[in-house]
Amino acid sequence: MSSRLPGHSDPPETTLARIMDERRAKARALRTAGSDPYRNDIGPAISLAEVRARYQATRPASAGDPAAARDKGEGIAPIDGEVHRVGGRAMGKRGFGKTVFVPLRDTTGDLQLYLNVDHLDPGDFAAIVPQLDAGDLVVAEGPAFWTRRGELSILAKRLWITTKALRPLPDKWHGMTDVELRYRQRYVDLAISPEVREVFRRRSQIVTGIRRFLDARGFLEVETPMLHPIISGAAARPFQTHHNALDMDLYLRIAPELYLKRLVVGGFERVYEVNRNFRNEGLSRKHNPEFTMLELYQAYATYTDLMAMTEELFGELAREVSGGTRVAWEGVALDLAPPWRRLSVRDAVRELGGVAEASRIFEDPAFAAEAAIAAGVPAADVVGVLRAPLGDQAGHDAEAVKAGFKDPAQRPGVARALLERYSDLADPEARRIAAGHLGYLVFEATAEAKLVQPTFLTEFPLAVSPLARRNDRDGAFCDRFELFISGKEIANGFSELNDPDDQRSRFLAQARARAAGAAETMDFDEDYCRALEVGMPPTAGEGMGVDRIAMVLTDQPSIRDVILFPLMRPE
RNA sequence: GGGGGCAUAGCUCAAUGGUAGAGCAUCGGACUCUUAAUCCGCAGGCUGAAGGUUCGAGUCCUUCUGCCCUCACCA
């Protein structure tokens, strides 16, 4: 506490401490003059943008031509008799002795104050103006006029400092360029950078637009638990926490999915939730440990219905937020106008991954294992997939086969040997499911980053989709899509699995995969199976990464640029 | 976790191994239409932290801390 008292917050010899001491002295001077430097008895009566809008049409023809204005000998002429009380942050202070200009900024925009000894209340001019610094929050009252240079200004009659700022603003020309400081001190970043405010204003528009879009289609917004007793709804590592009174370990949710589908069982046939998910994983330009996800579920719909609705939603958001469906991200032109390309995982591997025998990858696990290694998938992952059906009966021999995979000539033999060892893969369906899983790894390694224009990836292998409905024609695949834009996964949707017994077997497969060493798997959710036994209507569901949508629609390179306070290590 | 880069005044940046500087901001002065105002002047530093090499380190070496990029991880 004592270290936060005036004069003790920083070593007194630094420039910053001196500036802060000077500003504290100015606050004291204001108090001495009877003006509270942290007053709350006055505020603006009109926004800066409203003032600007009101007088836009009155701009004189001579404005902007100071020489002409001087020749005519014009004095200061208020545009009309109306007095406006405006307020905002003083972004600077340009003094000319008996005249001072103060550019103000509020939520809506900028407007300049003109403080002049002949017009401002003499007491205010003597007591307030000398104590005013850039960064202070200010209210002023007076009529509007046009300066000779054509700048709309408030000819201040009265002036108040409503909040005395103790810290100086960053360099007025360069601003705050250190990204670390921008993230850590977002309040400063926002205060001085209109373009940063604009990004977050547009992010807010996106969230509002999503709600309006879904509300208009009969969806009900709900809130489901963030504290989960088990890991459910996605394959990801969770944050762990503990409830003291119940002495119960809990996880922060990695996805709301299974709760939302319980609501569909309960009869809410169209529900959605926009809220945070938490995943205890690495950070990158595309990943923040807490991120905002939209999840929606619609009964009596299929994944193809949701693809169409997603196109429609994006079109609406792009028009509202980006001014159209043609946007640029990192200098690359993106065309968001529907319809978007539909591409199966298999065809993506063939066309974008350059794998001629893509079909065989999804049939033959030995061939798929070879292709995965050739594509650069770690041997441990390949072994993990082949071993997954066996659970903890399997040996942990990834290292042993790694060497064998290094030599391309030995790969087919090593792959076959693995298959023989894991004899459960003799079952034809198990073989296809393993091949599908490996094929998906090949997709990720070779094709994913090349999906720049909006593309719906379809026909996902069952093994990587534990909650999706099995395809009616080919049980090794499921009725699922993912939306990719700029190489980023933006959305993931599927026709939901509502066969309780099939769901049980999928959960068991997850448990076996975990026993075999997989790090990110779902827990068996017995209550969810019970819900499915009560009966969930045929339903399609989808999750969308709101942060990533914001990145695309505001042309921001990092997820941290669309999250107000991204996770940082302590200073 | 691996690799690469960055860290100097409040802010933005300089400084071959040889006395740490500039612009802006601050402070003092001049100035009644400026808008990166202008002009004059004064201040402001444990060079992220700790070790080491050297006659001498902002600079070279080691370790640590933080941030960025990249890879790994990651529906």
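Residue numbering restarts at 1 for every chain, and letters A, B, ... go by the order of the sequence lines.
Salt-bridge formation is detected for the pair Arg342(A)/Glu311(A): a Lys NZ or Arg NE/NH1/NH2 atom is positioned less than 4.0 Å from an Asp or Glu carboxylate oxygen. A salt bridge does not link Asp124(A) with Lys157(A): none of the charged nitrogens is closer than 4.0 Å to a carboxylate oxygen.
Under 4.0 angstrom from either OP1 or OP2 of U70(B) there lies at least one side-chain N or O belonging to Arg285(A). Applying the 4.0 Å criterion to OP1 and OP2 of U34(B), one finds that Ser153(A) has every side-chain N and O outside that range. Close to U34(B), at under 4.0 Å from its OP1 or OP2, lies no side-chain N or O of Thr147(A). In terms of phosphate contacts, Arg94(A) brings no side-chain nitrogen or oxygen within less than 4.0 Å of OP1 or OP2 of U34(B).
To the nearest whole angstrom, the two C1' atoms, one in C42(B) and one in G29(B), are 11 Å apart. G58(B) and U38(B) have their C1' atoms separated by 35 Å, given to the nearest Å. Here, A9(B) and A15(B) have their C1' atoms 14 Å apart, quoted to the whole Å. Rounded to a whole angstrom, the distance from the C1' atom of G17(B) to that of C13(B) is 22 Å. Taking atom P on both nucleotides, A50(B) is separated from A57(B) by 15 Å, rounded to a whole Å. Rounded to whole Å, the C1' atom of C68(B) lies 16 Å from the corresponding atom of G48(B). Separating the P atom of U59(B) from that of G51(B) is a span of 14 Å, rounded to the nearest Å. Comparing the C1' positions of C24(B) and C61(B) gives a spacing of 36 Å, expressed to the nearest Å.
Of the candidate nucleotides G66(B), U34(B), G10(B), G66(B) has the atom nearest to the side chain of Glu180(A). Taking every side-chain heavy atom of Phe101(A) into account, C33(B) is the closest of C68(B), C33(B), U70(B). Comparing U34(B), G66(B), C13(B) against the side chain of Gln112(A) picks out U34(B) as the nearest. Of the candidates C67(B), U35(B), C33(B), C33(B) carries the atom nearest the Ile76(A) side chain, counting heavy atoms from C-beta on. Proximity note for Tyr114(A) (side chain, C-beta onward) versus C11(B), C74(B), U32(B): the nearest is U32(B).
In this structure, Asn116(A) atom CG and C33(B) atom P are separated by 8 Å, rounded to whole Å. Spacing between atom OH of Tyr440(A) and atom P of C74(B) amounts to 12 Å, rounded to whole angstrom units. Across the protein-nucleic acid pair, Arg148(A) atom CZ and U35(B) atom P stand 14 Å apart, rounded to whole Å. A straight line from CG of Asp178(A) to C1' of A9(B) spans 15 Å, rounded to a whole angstrom. One interatomic measurement links the two molecules: CG of Leu567(A) to P of C67(B), which rounds to 9 Å at whole-angstrom precision. If you take CD1 of Ile192(A) and P of G10(B), they are 16 Å apart, rounded to a whole angstrom. Regarding Leu283(A), its CG atom lies at a distance of 13 Å from the P atom of G66(B), rounded to whole Å. Between Leu115(A) atom CG and C31(B) atom C1' the separation is 16 Å, expressed in whole Å.
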Under the 3.5 Å Watson-Crick or G-U criterion, the dot-bracket string of RNA chain B, with | for inter-strand pairs: (((((((..((((....[..))))..((((.......))))......(((((..]....))))))))))))....
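In the model, Glu542(A) has a side-chain atom that pairs as donor or acceptor with a side-chain atom of Thr310(A) under 3.5 Å. With 3.5 Å as the limit, one finds no donor-acceptor pair spanning the side chains of Arg182(A) and Ser193(A). A donor-acceptor contact under 3.5 angstrom links the side chains of Glu295(A) and Tyr297(A), judged on distance only.
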Worked verdict on Phe101(A) versus Tyr114(A) for ring pair (Phe, Tyr, Trp, His ring centres under 6.0 Å): CA-CA 5 Å; Phe101(A) 293 93; Tyr114(A) 180 86; 5.2 Å; yes
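At distances below 3.5 Å, not a single donor-acceptor pair connects side-chain atoms of Glu496(A) with backbone N or O atoms of Thr539(A). With hydrogens and angles ignored, the 3.5 Å screen pairs no side-chain donor or acceptor of Asp523(A) with any backbone N or O of Asp525(A).
Residue side chain His287(A) reaches the base of C74(B) through a donor-acceptor N/O pair under 3.5 Å, judged by distance alone.
In this view, Gln556(A) and Val199(A), Thr554(A), Asp561(A), Val562(A) satisfy the side-chain contact (heavy atoms from CB on, under 4.5 Å) rule, not counting sequence neighbours.
The six-membered or imidazole ring of His84(A) lies near that of Tyr55(A), with a centre-to-centre distance under 6.0 Å.
Met293(A) comes within 4.0 angstrom of nothing in the nucleic acid, heavy atoms only. In this structure, Arg480(A) reaches the bases: a heavy-atom distance under 4.0 Å links it to at least one base atom across the strands shown. If you check every strand for non-hydrogen atoms under 4.0 Å, Asp118(A) touches a base. Residue Gly95(A) is classed as a base contact, given a heavy-atom separation below 4.0 Å to a base.
Residues Glu281(A) and Ser558(A) both approach RNA chain B. Their nearest nucleotides, taken by heavy-atom distance, put Ser558(A) toward the 5′ side.
Heavy-atom neighbours of Glu195(A) CD from other residues, nucleotides or ligands within 6.0 Å: above the threshold of 12.
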Do any N or O atoms of the protein come closer than 3.5 Å to N or O atoms of nucleotides 25-27 of chain B, and which pairs are they?
residue, atom, partner, partner atom, Å
A25(B), OP1, Lys172(A), NZ, 2.7
U26(B), O2', Glu22(A), OE1, 2.4
U26(B), O2, Arg18(A), NH2, 3.0
C27(B), OP1, Lys26(A), NZ, 2.4

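With a 6.0 Å cutoff to the six-membered ring centre and a 45° limit on the axis angle, Arg346(A) counts as a cation-pi contact of Phe477(A).
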